[in-house]
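Reading through the structure tokens given below for one structure.
We number each residue from 1, following the sequence as shown.
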Amino acid sequence: MNECAGESTPLTYACAMNQAVSETVAIVPLGPDGFDEFKRYLDDHLRDNGRDGAPHFQPMARATSVLAPQPAAAWRAGLELPLGSAGWRRTWVATSTQTGALVGHVDLRWQGHEFAAHRCLLGMGVARDHRRVGLGARLVAHAEGWAQQAGGLDWIDLQVLSANMAAVRLYERFGFTRLGETVDLFRIDGLSLSAVAMCKRVNTGRHAVSIPPG
């Protein structure tokens with residue numbers, strides 16, 4: 001599918017961000033067979049969490065910022081579960097066409113409630129050497145495009161730590177709406193961390209209800 005198709009869409013914006021990224025990075029689905037390599041990439045990515053002046057981007061302590069065995073097993077299993085079932089998950093990885101290394105990822109997953117099957121949660125990350133070149137935009141656009149065509153998904157929800165302003169601005173450019181901020185939600189590494197909840201409608205569901213403004 002042409003990711004640049006359409007007018008005034010996030011897909012168009014992502015392609016305009018940096019055409020060079022499109023030429024050197026491929027975004028492909030992650031399957032269970034590739035999960036061990038993905039976990040190594042993710043653990044390396046998480047080592048940057050709150051370190052060297054960077055903000056916390058995950059509610060984890062610096063010393064324990066790795067994907068623990070239990071959530072790792074649930075993530076792997078979710079890749080094979082049908083859309084709409086409890087625990088389902090779909091993940092895409094950005095792979096360098098030059099080195100084959102994983103340089104980013106985005107995932108959509110079960111919202112967590114049987115009566116919220118029309119919604120999903122988004123998570124995304126980019127390897128340290130590939131940030132600020134438009135790859136995050138491509139990843140979000142890719143996931144949104146999939147959600148629009150998957151069938152049954154009307155909303156994408158996410159939570160982002162307030163200190164991670166680069167991520168907040170990225171999601172706002174993609175049309176995500178701030179629902180509110182939970183102040184002092186986490187206390188990690190001696191810091192008080194707040195979190196912003198955001199959402200975006202990607203389809204108008206058959207049973208959608210009118211949501212009043214404000």
Could you tell me which residues satisfy side-chain hydrogen bond (donor to acceptor under 3.5 Å, both in side chains) with [X], sequence neighbours excluded, listed by chain and number?
| X | value |
| --- | --- |
| T95 | none |
| R187 | D184 |
| T182 | none |
| R109 | D107 |

Who clusters with [X]? Use side-chain heavy atoms, under 4.5 angstrom, across I, L, V, M, F, W and Y, and order the result by chain and number.
| X | answer |
| --- | --- |
| L179 | none |
| F115 | none |
| V183 | none |

Nearest atoms (heavy-atom pairs only) where [X] meets [Y]:
| X | Y | result |
| --- | --- | --- |
| I188 | A61 | CG2-CA, 3.5 Å |
| S162 | A195 | OG-N, 3.4 Å |
| Q159 | L185 | NE2-CD2, 3.8 Å |
| I156 | A147 | CD1-CB, 4.1 Å |
| A94 | L139 | CB-CD2, 4.1 Å |
| A163 | P55 | O-CB, 3.7 Å |

Could you check if a side-chain atom of T91 sits within less than 4.5 angstrom of a side-chain atom of W75, using non-hydrogen atoms only?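 A side-chain contact exists here, since the closest heavy-atom pair is under 4.5 Å.
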Looking at L108, D154, D157, which one forms a side-chain contact (heavy atoms from CB on, under 4.5 Å) with C120?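 Checked L108, D154, D157 against C120; only one passes side-chain contact (heavy atoms from CB on, under 4.5 Å): L108.
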Could you check whether the rings of W146 and W88 sit parallel, tilted or perpendicular, using 30° and 60° as the cut-offs?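 Tilted, since the angle between the ring planes falls between 30° and 60°.
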Parallel, tilted or perpendicular: ring planes of F38 versus F35, cut at 30 and 60 degrees: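 Rings of F38 and F35: tilted, 30 to 60°.
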Output all residues satisfying salt bridge (Lys or Arg N to Asp or Glu O under 4.0 Å) with [X], sequence neighbours left out; order by chain, then residue number.
| X | result |
| --- | --- |
| E172 | R178 |
| R47 | D44 |
| D43 | K39 |
| R76 | D36 |

Are [Y] and [X] co-members of a hydrophobic cluster defined by side-chain heavy atoms under 4.5 Å apart?
| X | Y | value |
| --- | --- | --- |
| Y41 | L46 | yes |
| L79 | V93 | yes |
| W110 | L158 | yes |
| V28 | V106 | no |
| L135 | V168 | yes |

Working to the nearest 0.5 Å, report the span between [atom1] of [X] and [atom2] of [Y].
| X | Y | atom1 | atom2 | answer |
| --- | --- | --- | --- | --- |
| D48 | R128 | CG | CZ | 4.0 Å |
| H105 | H45 | NE2 | NE2 | 5.5 Å |
| L161 | E181 | CG | CD | 10.5 Å |
| L67 | R40 | CG | CZ | 13.0 Å |
| M198 | T177 | CE | OG1 | 7.5 Å |
| E144 | L122 | CD | CG | 9.0 Å |

side-chain hydrogen bond (donor to acceptor under 3.5 Å, both in side chains) partners of residues 51-64, not counting sequence neighbours, each pair once: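 Sorted pair list: H56-D189.
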